[in-house]
Protein chains: 2
Amino acid sequence: MYYVGIDVGGTNLKAGVVDENGHIIAKVDCPTKVERGHEAVVADMAKLALRAIEKSGVSMDEVKSVGIGIPGILDPRTGIVPFCTNLGWHNVPLIELMRKDIDKPIYVDNDATVATLAENVAGVSAGAKSSVFLTLGTGVGGGVVIDGKVYSGAHGVGSELGHMIVVIDGEECTCGNKGCWERYAIATALIRMGTEAAKAHPESVLNEAKSISAKTVVDAAKAGDKAAMEVFDRYTYYLAVGIVNIINFIDPEIIAIGGGVSAAGDFLIQPVREKLAKLVFYKTMPYARVELATLGNDAGIIGAAMLGK
Amino acid sequence: MYYVGIDVGGTNLKAGVVDENGHIIAKVDCPTKVERGHEAVVADMAKLALRAIEKSGVSMDEVKSVGIGIPGILDPRTGIVPFCTNLGWHNVPLIELMRKDIDKPIYVDNDATVATLAENVAGVSAGAKSSVFLTLGTGVGGGVVIDGKVYSGAHGVGSELGHMIVVIDGEECTCGNKGCWERYAIATALIRMGTEAAKAHPESVLNEAKSISAKTVVDAAKAGDKAAMEVFDRYTYYLAVGIVNIINFIDPEIIAIGGGVSAAGDFLIQPVREKLAKLVFYKTMPYARVELATLGNDAGIIGAAMLGK
C-alpha cells in the first residue's frame, strides 16, 4: 500500500506519495497563498494530493490514506483545527473539508509531530522505541515517540517543547509567557546575542557583516572569533539545558535535532553533547544519544503520510 | 494473589501485603539504621517482608512477588543500585542480596515512581491512561504514567522532574546544576523566601515565629499576612511554571500532587490552578487536571507491591 502526505507550510504546500518504508516515490508542490482564506487553501491541498498520486503512477486503490501536517493542532474531539497562527486559521473543519474531495481516511497532526514520525520511520531515530525530535528554526518545535509511536498526549496540547520555561521571568515570548526555551534556542537568539556581542567587542569580525544572521555568528565562531565563540558557547549551553530537561523527564533513547540551525552540523552537536555530559543527573549512567536529523525538508511529507500507517 | 511492597526510607523501612486492588491488608515497619551498611539493611528488608506476610495470614503460595521502592535508581541492565544518596548506597546488588532470603520475583524502582504507580492503581489517578505524580517534600520527586503503565524511560534515568532547570544560572542545586525546579518548589524554598520576607517586612507576623517553617508561611498567608501572601503567591507561581512545562511536554490526563507541602490542600492547589490557566499554551483547549494525591504515606508500600502486578 501507499500513503499520501501533505506538508502545509506558510509559503508552500507540498504533497507526496510514500511507500511502506517511508520513501517518497513522487512529490509535487504549489504556493500556499494564505491570504485567499482557508477554503481555497484546503481545496488546493486536495488537488495537490490527487496530482501527487497521478504523478506516482499508483492507482487510487493502492492508496491507503491521506495524512496532513499542519503548523498548529487538531482538536481530536471535533476534527477541527482551532488555531494555525502562521496560516491565520481559526476553527477550520479541516477533515470535513478534505472529505469533499478525497474519499480516503484522513489524518491530521502538528508539523513537528509529523517530522518526528518521519525520523522515527525512515530517519536517524528509525527503530528507536522512544525518541524526541527537535526542530530549531524560527521556533522550536518538537515531537515525542514512546513505545515506537508518536505520543500526542491526552488532549492534543503536548510536545510544545519550545514553550518549556527555562528562565522564570526571562525574555518575553510570543506565547505571552516569559523565559520560554524557544527564546534562547532559535536562530533569532543567535542573532540577538551576536548583535549584542558585536557592540561589546568592536574588534570582533561580527562587526564586518552588513547584518548579523545566525550563519554570521556560526561562521565567525568557526573562524575563531572570540566574541562569536562566546555567543555560540552560550547558545549551545541553552540548547543543552533544554535537552537535559527532556532527558531528566522522559529519558528517551535518542534526541534528533533538525531545522535550520542544525545545518551547523557537528559544530553544533559536539559542544551540546559535551555540555550535556556535565548537566545530566546520573553522571555514570547511559542517557539519550543526541544526533542530527537526516530527512531534512522531506520529513514533512514522509511523516504526514506515515500518520495513516 | 497478593503482592508484598517494601518502602525503603532513610529513617524507616516499611513492608506490607497488598491485594489486587491496591489495598493494604497488613503492614509492619522497623528503623532503617542506615549506618549499619547496606547488607544489614537489606537483610532487615527481607525479614520485614516475611513478617508482613505472616501478619497478613496469607500463605507464601498466594504471594506473587516482592516489590521495593528505593530513594534512588536501579540499573535495569545489571540489577544493581548505582546510587542511593540518602542511604549512602553505592553499587549495591539489591536484587541478588534479596534473593538470598526471598524466593519470589523481585522488582525495584524509584520511590517516586512507585508512589506514582500507587496513585494510578488505587489513588486519585486511578484509571487514567496518562498521569504525572509530583511529590513536594525535601526534594521534588516525580513519576510518569503513559498508556496506563509507569514509564521508566530507555535507561532508567528519567522522571527526575525536580531537576528540570527552570531558572538558567539560578539557585545552586544539590545535583551540581543551577536553577533546578526543586530549588523553588520544595518546602525549603518557602522557608528561604519566608525568611527573606520577614526581614524585609518587620510588620509581618512571620517575625513572631521562633523559626520559620513552611507551615509558618502557609499559616501566615492563610491568616492574611501580606508579606506571607506574597511569598506564597510567588511559590505557587514557581509550582505552576514546572507544572505547565509538564503539560507542554507530555500533556497528561491528570497531575497529582503529594508530599509534605501538599498538606496545605486546596489553599495550595487553587492558586496553582489559577496560574496554570494563564500559563498554558492553548488557552481554550482542555488540559491536565491538577489534583491532590490521596494515598499519603501508604503510597510507598502500595506502589512497590504493584510493581509485580
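Proteins get letters first, then strands, A, B, ... in listed order; numbering begins at 1 in each. We use all heavy atoms of the structure for the numbers below, so side chains are in, but hydrogens, waters and symmetry mates are not.
Counting non-hydrogen atoms of other residues, nucleotides and ligands closer than 6.0 Å to NZ of B:Lys283 gives a total above 12.
Both the backbone and the side chain of B:Ile168 come within less than 4.5 Å of a heavy atom of chain A. Proximity to chain A (any heavy atom under 4.5 Å) is shown, for B:Tyr184, by neither the backbone nor the side chain. Of the two parts of B:Asn177, only the side chain, counted from C-beta on, holds a non-hydrogen atom closer than 4.5 Å to a non-hydrogen atom of chain A. Interface remark: A:Val157 contributes backbone and side-chain atoms alike to the contact with chain B (heavy atom separation under 4.5 Å). If you measure heavy-atom distances from B:Val166 to chain A, the contacts under 4.5 Å come from both the backbone and the side chain. The part of A:Pro252 that comes within reach of chain B is its backbone (N, CA, C, O), which places non-hydrogen atoms under 4.5 angstrom from that chain.
Between chain B and the residues A:Ile73, A:Val244, A:Val241, the most heavy-atom pairs under 4.5 angstrom are made by A:Ile73. By number of non-hydrogen pairs under 4.5 angstrom with chain A, the leading residue of B:Met164, B:His163, B:Glu253 is B:His163. Options B:Ile254, B:Ile247, B:Leu161 differ in how many heavy-atom pairs under 4.5 Å they form with chain A, and the most are formed by B:Leu161. When the candidates B:Ala154, B:Gly176, B:Ser159, B:Gly162 are compared by the number of heavy-atom contacts under 4.5 Å with chain A, B:Ala154 comes out ahead.
Residues A:His155 and B:Met285 come closest through the heavy atom pair O-CE, 3.6 Å. Across every non-hydrogen atom of A:Ile250 and B:Tyr151, the tightest pair is O-CE2, 3.1 Å.
With sequence neighbours left out, B:His38 forms a side chain to side chain donor-acceptor pair (under 3.5 Å) with no residue at all. The salt bridge (charged side-chain N to carboxylate O under 4.0 Å, His left out) search around A:Glu171 returns A:Arg192, not counting sequence neighbours.
Distance check: A:Tyr237 OH to B:Asp169 CG gives 5.5 Å after rounding to the nearest 0.5 Å. The CG atom of A:Leu279 sits 5.5 Å away from atom CD1 of B:Ile165, with the distance rounded to the nearest 0.5 Å. The distance from atom SG of B:Cys175 to atom CG of A:Asn248, rounded to the nearest 0.5 Å, is 8.0 Å.
A:Phe249 has its side chain within reach of B:Ile246: a pair of non-hydrogen atoms, C-beta onward, lies under 4.5 Å apart. For the pair A:Val280 and B:Glu160, the minimum side-chain heavy-atom distance is 4.5 Å or more.
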Test side-chain contact (heavy atoms from CB on, under 4.5 Å) applied to B:Thr284 and A:Phe83, step by step: CA-CA 10 Å; B:Thr284 59; A:Phe83 325 90; 3.2 Å; yes
